[in-house]
Amino acid sequence: KRMGSLVVCLAWFLVLGFTTSALSLNPDDPNVCSHWESYAVTVQESYAHPFDQIYYTRCTDILNWFKCTRHRISYKTAYRRGVRTMYRRRSQCCPGYFESGDLCVPLCTEECVHGRCVSPDTCQCEPGWGGLDCSSASTTNGTGKSQ
């Protein structure tokens, strides 16, 4: 029975994780962690494009009517597409939590039979129940840990 519950919980975990990615998490939530990720942006950038400029000067070359050809490198502004790497902060649930709507909810690998999951793998048991998964009838302090 517990294994079946675990499989169902993990299935919901995957479904919720994939379907709620459009919602945003609150970065002030203590269960939300963030990291920097890079992404590429195509931009149009200008640059100095060199070209061979031909010009003529007066000279002593009688065969070319006293006109000599000269070359110089000149530059003109040209445009090209470039790729620029940008960075953005991405929020995600901290380890041990999964995304449910816009909240990060703790994940307990064992079902909290008579209690609720309050932090990763920690059940808060109803009065009169104890054990790691709140399935043992006993006197506890209500945290799933025996006194």
Side-chain angles (χ1 to χ4, degrees), residues 1-126 129-135 140-146:
K1 178 185 174 193
R2 282 191 193 149
M3 189 61 166
S5 298
L6 179 61
V7 170
V8 170
C9 286
L10 289 176
W12 272 110
F13 168 73
L14 292 173
V15 168
L16 289 171
F18 288 123
T19 59
T20 61
S21 59
L23 301 173
S24 63
L25 296 172
N26 178 1
D28 296 330
D29 183 337
N31 303 323
V32 173
C33 295
S34 62
H35 66 280
W36 287 98
E37 74 175 5
S38 62
Y39 63 100
V41 176
T42 302
V43 294
Q44 185 166 325
E45 57 189 12
S46 63
Y47 69 102
H49 181 69
F51 68 96
D52 183 24
Q53 184 178 26
I54 299 171
Y55 66 100
Y56 302 96
T57 61
R58 295 184 70 105
C59 63
T60 58
D61 187 355
I62 195 168
L63 297 175
N64 283 322
W65 302 94
F66 304 104
K67 189 168 73 171
C68 293
T69 304
R70 300 278 186 247
H71 297 266
R72 69 177 157 218
I73 301 296
S74 292
Y75 297 87
K76 64 181 177 182
T77 301
Y79 297 90
R80 64 183 170 206
R81 284 191 175 186
V83 176
R84 190 159 293 152
T85 301
M86 305 291 282
Y87 297 90
R88 62 183 161 213
R89 211 159 179 71
R90 180 71 77 183
S91 294
Q92 65 187 32
C93 292
C94 296
Y97 293 83
F98 67 95
E99 205 171 319
S100 177
D102 58 351
L103 299 174
C104 289
V105 179
L107 176 65
C108 288
T109 51
E110 292 291 327
E111 177 187 0
C112 299
V113 180
H114 294 284
R116 64 185 186 96
C117 187
V118 292
S119 64
D121 287 324
T122 303
C123 295
Q124 183 178 36
C125 301
E126 295 170 2
W129 295 95
L132 293 176
D133 63 354
C134 301
S135 63
T140 66
N141 63 6
T143 62
K145 296 178 181 157
S146 298

Legend entry - CD1/I62: more than 12 non-hydrogen atoms of other groups inside 6.0 Å: no

Give the table of side-chain donor-acceptor pairs shorter than 3.5 Å for residues 46-53, with sequence neighbours excluded, one pair per line with atom names and distance.
from	atom 1	to	atom 2	distance (Å)
D52	OD1	H71	ND1	3.3
D52	OD2	H71	ND1	3.0
Q53	OE1	R72	NE	3.0
Q53	OE1	S74	OG	2.7

Legend entry - With R58 via salt bridge (Lys or Arg N to Asp or Glu O under 4.0 Å) - residues at least two apart: none

Inset, instruction - Would you please name every residue forming a side-chain hydrogen bond (donor to acceptor under 3.5 Å, both in side chains) with N64, sequence neighbours left out? - result: D61

Legend entry - Minimum heavy-atom distance between P120 and P106, given as atom pair plus value: N-CB, 3.8 Å

Inset, instruction - Would you please name every residue forming a side-chain hydrogen bond (donor to acceptor under 3.5 Å, both in side chains) with Q44, sequence neighbours left out? - result: none

Legend entry - Which atom of W129 lies closest to which atom of S135, heavy atoms considered: CZ3-O, 3.6 Å

Inset, instruction - Applying disulfide (SG to SG under 2.5 Å), run through C33 and C94 and close with a yes or a no. - result: CA-CA 5 Å; C33 295; C94 296; 1.9 Å; yes

Legend entry - Partners passing side-chain contact (heavy atoms from CB on, under 4.5 Å) against C112 (at least two apart in sequence or in another chain): C108, C117, C123

Inset, instruction - Drop me the distance from C93's SG to L25's CG, to the nearest 0.5 angstrom. - result: 5.0 Å

Legend entry - Least distance between heavy atoms, E111 atom then D133 atom: O-CB, 3.3 Å

Inset, instruction - Indicate the atoms forming the closest heavy-atom contact of C125 with G131, along with that distance. - result: SG-O, 3.8 Å

Legend entry - Sequence-distant partners of T69, side-chain hydrogen bond (donor to acceptor under 3.5 Å, both in side chains), two or more places apart: none

Inset, instruction - Tell me, please, which residues at least two apart from V83 pass side-chain contact (heavy atoms from CB on, under 4.5 Å). - result: A40

Inset, instruction - Output all residues satisfying salt bridge (Lys or Arg N to Asp or Glu O under 4.0 Å) with R84, sequence neighbours left out; order by chain, then residue number. - result: E45

Inset, instruction - With sequence neighbours excluded, tell me which residues meet side-chain contact (heavy atoms from CB on, under 4.5 Å) with W65. - result: none

Inset, instruction - Nearest 0.5 Å please: distance from the CZ atom of R88 over to the NE2 atom of H35. - result: 9.5 Å

Inset, instruction - Under the side-chain contact (heavy atoms from CB on, under 4.5 Å) rule, collect the residues that match up with S38, sequence neighbours excluded. - result: T85, Y87

Legend entry - Y55 atom OH, over 12 foreign heavy atoms within 6.0 Å: yes

Legend entry - Heavy atoms from other residues, nucleotides or ligands near CZ of R81 exceed 12 (cutoff 6.0 Å): no

Legend entry - Pairs touching residues 36-67 that satisfy disulfide (SG to SG under 2.5 Å), sequence neighbours left out: C59-C68

Inset, instruction - Using atom types as modelled and distance alone, determine if a side-chain donor or acceptor of D121 lies under 3.5 Å from a backbone N or O of T109. - result: yes

Legend entry - Residues forming a salt bridge (Lys or Arg N to Asp or Glu O under 4.0 Å) with R90, sequence neighbours excluded: E37

